[in-house]
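Please read the structure below before turning to the comments.
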2 protein chains.
Amino acid sequence: MPNNQFKKGELYSFITGKASTAIARNLQKKFNTAGLKITIEQWSVLYHLWKEDGKSQQELCNATFRDKPSITRLVDNLERLQLVKRVPADNDRRINLIYLTRQAQKLQEETMDLAEATLNEALEGVPADRIEICKEVLQIVYDNLR
Amino acid sequence: MPNNQFKKGELYSFITGKASTAIARNLQKKFNTAGLKITIEQWSVLYHLWKEDGKSQQELCNATFRDKPSITRLVDNLERLQLVKRVPADNDRRINLIYLTRQAQKLQEETMDLAEATLNEALEGVPADRIEICKEVLQIVYDNLR
DNA sequence: TTTATTTAGTTGTTTAACTAACTATATGCC
DNA sequence: GGCATATAGTTAGTTAAACAACTAAATAAA
C-alpha cells in the first residue's frame, strides 16, 4: 500500500487543485483591476511567445499542455484581440507561426509583475526550503502522470 | 523582496497548475475507461454529498469553491443523469436540498478507488514527509489568497 | 509516380467557469 | 403591516477544455 498518505478526507483538494485555482483567480482579478482585457489562458500563451516569438501552434500545444483545438481557439481569440498574428511558414505550408504584435509586447512587463505579486501573496509565510520541496513534488507528480 | 524563490522561468507551472491538471486528466481517463459517464466536476459535487447527503446548493458552492451559477448547472446535469434530486427545503422555500439517488450511492466506492489509484500513481517515489510538506504549503497558499 | 501514412491545423459538440442581471423568498427595521 | 435589504437560486453571454471527425500538406513506401 504505497503512499497512502492521502486519507480520504484530504484527497479532494489535491485532485481539484484548490491552490492553483486560487492562484489563477487571484491573478485574473489583478488583470481585470488593472484594466488588462486578457484571460489567464491567453496570458499563458503569450508567456511562451515572450520567451520565444514565432512558435508554431504545435509548439504552443506542447509548451502549454493544451491540445490542438484549444490552441486553435486561443490563437483565434488572441488574433481577434490583435495580440498575435498567424504567419504561414515558408518551408511547410501546414504550419502557422505565431508572432506577437507590438501591443502584446507591451503587455509583458506589467503582467509578469502582477504574476509575481500573486505568487508573493500566495507564498507569504512559507520558508524557501519548503517552497522548493513543494515545487519538486509537483514536478514529480507531473512527470509520473505524463 | 519576500519569497523570490520563483525565478521567472519557474513561475509558469505554479500558476497554471500543471500538476493538478495532470491529476484531473488522469482520473477523468480512469472514469472513461471504466465506463463511468461522469466528469471530474460532477464527481467533486458527489464527493461532498457522499460525506453528507442533502446539502443545499449554497453549501455545495462553499465546499467545492465554485460560484452559484456553476453549481446550478452541475446540479442540472447531475439531475439529468439521475444522480441527484433537488428537494425544496421545508422551512425556507428559497433553498434546494440536493439528495443522492440510489445510482449515485453506488458510484462512491468505485470512483473513490480510482481516485486513490490516481494519487498513488501521481505520488509514486515521493517520500511521505515531502508529501506532507507539499500539502501544507498548498493549504497555506489557499488560505493566503482566500 | 501513385498510394498510404503521418503531421498541422480546423470545426462541431458537450461540459464547465465567470460575470452580470435577474426572480423569489426571507429577514430587519420603521 | 409595509418597505428596504440580504440571501438562494436561475438565466444569459463569453471564454475555455476535451473529444471526435475532418481538411490539407508533407513524407514514406510501393
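These numbers come from a predicted model, not from an experiment. Note: hydrogens, waters and symmetry copies are ignored here, and every other heavy atom, side chains too, is used.
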### Summary
So, with a heavy-atom separation below 4.0 Å from DNA chain D, the residues of residues 17-29 of chain A are none
### Residue-level proximity of residues 59-71 of chain A to DNA chain C when a heavy atom falls under 4.0 Å
A/K68, A/P69
### Summary
Sequence neighbours excluded, the answer for side chain to side chain contact (heavy atoms under 4.5 Å, CB included) partners of B/N62 is B/Q58
### Task
For DNA chain D, determine which residues of residues 95-104 of chain B have any heavy atom closer than 4.0 angstrom to one of its atoms, and list them numerically.
B/I95, B/N96
### Task
Sort and list the pairs that fulfil salt bridge (Lys or Arg N to Asp or Glu O under 4.0 Å) and have at least one residue in residues 87-98 of chain B, not counting sequence neighbours.
B/D92-B/R94
### Task
Sequence neighbours left out, what passes side chain to side chain contact (heavy atoms under 4.5 Å, CB included) with B/L145? Give chain and number order.
A/A22, A/I23, A/N26, A/E121, A/A122, B/V141
### Task
If a pair satisfies side-chain hydrogen bond (donor to acceptor under 3.5 Å, both in side chains) and one of its residues is in residues 66-78 of chain B, list it, with sequence neighbours excluded.
B/S44-B/R66, B/D67-B/S70, B/D76-B/R86, B/N77-B/R80
### Summary
So, with a heavy-atom separation below 4.0 Å from DNA chain C, the residues of residues 75-93 of chain B are B/N77, B/D92, B/R93
### Query
So which pairs with a foot in residues 85-108 of chain B pass ring pair (Phe, Tyr, Trp, His ring centres under 6.0 Å), sequence neighbours left out?
none
#### Entry: Residue list, salt bridge (Lys or Arg N to Asp or Glu O under 4.0 Å) with B/R146, at least two apart or on another chain
B/D143
#### Entry: Pairing stems for DNA chain D [at least three consecutive pairs; Watson-Crick or G-U; under 3.5 angstrom]
C:1-30 with D:1-30
### Covered region of DNA chain C, 5' end to 3' end, by chain A [heavy atoms, under 4.0 Å]
C/dT7 to C/dC18
